[in-house]
Enquirer: 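Please see the structure below; I have some questions.
Position 1 is the first residue of the sequence; numbering continues from there.
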Amino acid sequence: MDGTTLYSIGELSRRTGLPVRTIRFYSDSGVVAPTTRSPAGYRLYDLDALLRLELLRTLRELGVDLATIQRVLDRELSVAEVAAAHADAMDVQIRMLQLRRSVLRVVARRGSNPEETKLVHRLTQLSGEERRRLIDDFMDGTFGTVDAEPAVVAMVRAATPDLPDDPSSEQVAAWVELAELVGDEDFRARIRRTAMCQAAGRTLEIESEAGEELMEFTRQKVLEALESGIDPLSDRAAPVIADLVHRFAEVFARTPDTEFRDWMAQQFEEAHDPRVDRYWRLVWIVNGWQVVPNLIPVYPWLIQALRNDRDA
């Protein structure tokens, strides 16, 4: 092979593996123009045309469009520039595919109906900016009043949920639930009330009167129950809650009966709303944060068990 060798379309097809009709199309489009023609009028191509065609084939296999390839062949763009741009584009496509896969797994696991499937898809299709705007609207609607405590707003904003580019199905499910939760006006009022209480550092009356030792014992027992997977409404929870009720009754000089358990539940419910605790758990999941044992909300389990245990 040398610079003076000329090739017919058939020879180019054999050398490149491209169909004759494809080479003819590229030739007619001016992407790989013939070098000359034979006396009979057939198109002939030189070595440069062969090399252009091989590069064209490679770039097409990598998904580069014909207009961009024309600019590369005309030396308006370098192969490196095109490769970098398409690598970035592929990154976006991969992230979108990963997100769709996670959505499909959520739908499959939840057995979603058509309307819920559309909702899940719509919420996850929001761009990062749109997701941030959704949370910003929640922040403004919840803490945007003139009497909002700056420390409260800072505390909630420091834990802004941010769905990653390649979320797991668990993170997608958590994000969808979170998005529905922050749009609920009743929830906004609850989290504002709870956050204000926590930011002010106020201790529940039952906590201060029970004492640090009993409260730490209670947290430890409930954490053990949570780690063992004990449902607060199950029979396995009964002895745990009965023991705690008796300990609190001794401190408060009360009878450990149903009325006292109801009183305990009401006291703990004052600053530990289950929906607010659920919000923080969802934030942990969406952000992919490690669950810190000392931050696990134990009161929702305790309240449920107290409300359920009537005969212990």
Side-chain angles (χ1 to χ4, degrees), residues 1-108 117-118 120-133 162-172 175-176 286-288:
M1 182 186 302
D2 57 50
T4 61
T5 304
L6 296 176
Y7 309 94
S8 66
I9 284 183
E11 290 172 329
L12 285 184
S13 177
R14 286 192 294 273
R15 287 179 177 276
T16 62
L18 292 170
V20 169
R21 64 178 179 277
T22 301
I23 298 174
R24 186 175 291 115
F25 168 76
Y26 291 151
S27 185
D28 292 340
S29 302
V31 181
V32 181
T35 305
T36 185
R37 287 183 179 268
S38 70
Y42 294 109
R43 286 177 275 202
L44 297 172
Y45 303 83
D46 60 11
L47 178 59
D48 182 64
L50 172 61
L51 295 176
R52 287 167 64 89
L53 193 59
E54 289 178 338
L55 176 59
L56 188 156
R57 181 195 60 186
T58 300
L59 292 176
R60 287 296 288 162
E61 288 176 350
L62 290 172
V64 182
D65 62 274
L66 203 55
T68 301
I69 292 173
Q70 178 72 70
R71 296 183 65 191
V72 171
L73 296 176
D74 292 343
R75 291 181 171 78
E76 294 179 18
L77 290 174
S78 70
V79 174
E81 290 174 321
V82 173
H86 277 264
D88 290 341
M90 288 181 69
D91 284 341
V92 173
Q93 291 176 326
I94 289 170
R95 287 197 294 270
M96 290 304 300
L97 288 172
Q98 288 172 326
L99 180 57
R100 289 174 186 173
R101 179 188 61 190
S102 297
V103 169
L104 289 171
R105 284 179 175 166
V106 169
V107 170
T117 299
K118 286 168 60 178
V120 171
H121 184 259
R122 181 174 62 81
L123 289 174
T124 51
Q125 286 295 99
L126 296 177
S127 67
E129 182 180 348
E130 289 169 328
R131 290 197 293 268
R132 284 189 292 274
R133 190 180 306 125
D162 187 15
L163 190 69
D165 289 330
D166 55 343
S168 65
S169 56
E170 183 184 26
Q171 286 174 308
V172 169
W175 165 253
V176 171
V286 169
N287 288 346

Enquirer: Can you list the steps and then say if Ile23 with Val32 is a side-chain contact (heavy atoms from CB on, under 4.5 Å)?
Expert: CA-CA 8 Å; Ile23 298 174; Val32 181; over 6 Å; no

Enquirer: Identify, with sequence neighbours excluded, every residue that meets side chain to side chain contact (heavy atoms under 4.5 Å, CB included) alongside Ala80.
Expert: Ser78

Enquirer: Output the distance between atom CG (Leu73) and atom CG (Asp48), rounded to the nearest 0.5 Å.
Expert: 9.5 Å

Enquirer: Residues two or more places apart in sequence or in another chain: which of them pass salt bridge (Lys or Arg N to Asp or Glu O under 4.0 Å) with Asp28?
Expert: Arg43

Enquirer: For the residue pair Phe25 and Leu66, establish whether any side-chain heavy-atom pair is separated by less than 4.5 Å.
Expert: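 In short, these two side chains touch, coming nearer than 4.5 Å.
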
Enquirer: Grab the two heavy atoms, one from Thr16 and one from Glu54, that are nearest each other, plus how far apart they are.
Expert: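 Closest pair (atom of Thr16, atom of Glu54, distance): CG2-CG, 3.9 Å.
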
Enquirer: Looking only at atom types and distance, does a side-chain atom of Ser8 sit under 3.5 Å from a main-chain N or O of Leu44, one as donor and one as acceptor?
Expert: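 Pair absent, no side-chain N/O of Ser8 close to backbone of Leu44.
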
Enquirer: What's the shortest heavy-atom distance between Leu6 and Glu11, and which atoms?
Expert: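 For Leu6 and Glu11, the tightest heavy-atom pair comes out as O-OE1, 3.8 Å.
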
Enquirer: Excluding sequence neighbours, so at least two apart, what forms side chain to side chain contact (heavy atoms under 4.5 Å, CB included) with Gln70?
Expert: Val31, Arg52, Asp74

Enquirer: Using every non-hydrogen atom in the two residues, find where Arg60 and Asp65 come nearest and quote the distance to one decimal.
Expert: NH1-CA, 3.6 Å

Enquirer: Quick check: do Thr5 and Leu50 have side-chain heavy atoms less than 4.5 Å from each other?
Expert: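 When only atoms from C-beta onward are counted, Leu50 and Thr5 do not touch, as no gap falls below 4.5 Å.
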
Enquirer: Once side-chain hydrogen bond (donor to acceptor under 3.5 Å, both in side chains) is applied, do any residues pair with Arg37, and if so which ones, sequence neighbours excluded?
Expert: none

Enquirer: Taking Leu18's backbone N and O only, do any of them form a donor-acceptor pair with Arg57's side chain (distance below 3.5 Å, no angle check)?
Expert: no

Enquirer: Between Tyr45 and Ser27, what is the shortest heavy-atom contact and its length?
Expert: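 Nearest pair, atom of Tyr45 first, then Ser27: OH-OG, 2.8 Å.
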
Enquirer: Could you work out, with side chain to side chain contact (heavy atoms under 4.5 Å, CB included) as the rule, every residue matching Thr58, not counting sequence neighbours?
Expert: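 Thr58 satisfies side chain to side chain contact (heavy atoms under 4.5 Å, CB included) with Leu62 once adjacent residues are dropped.
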
Enquirer: Which residues satisfy the side-chain hydrogen bond (donor to acceptor under 3.5 Å, both in side chains) test with Thr35, sequence neighbours excluded?
Expert: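 If we apply the side-chain hydrogen bond (donor to acceptor under 3.5 Å, both in side chains) test to Thr35, skipping adjacent residues, the hits are Asp46.
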
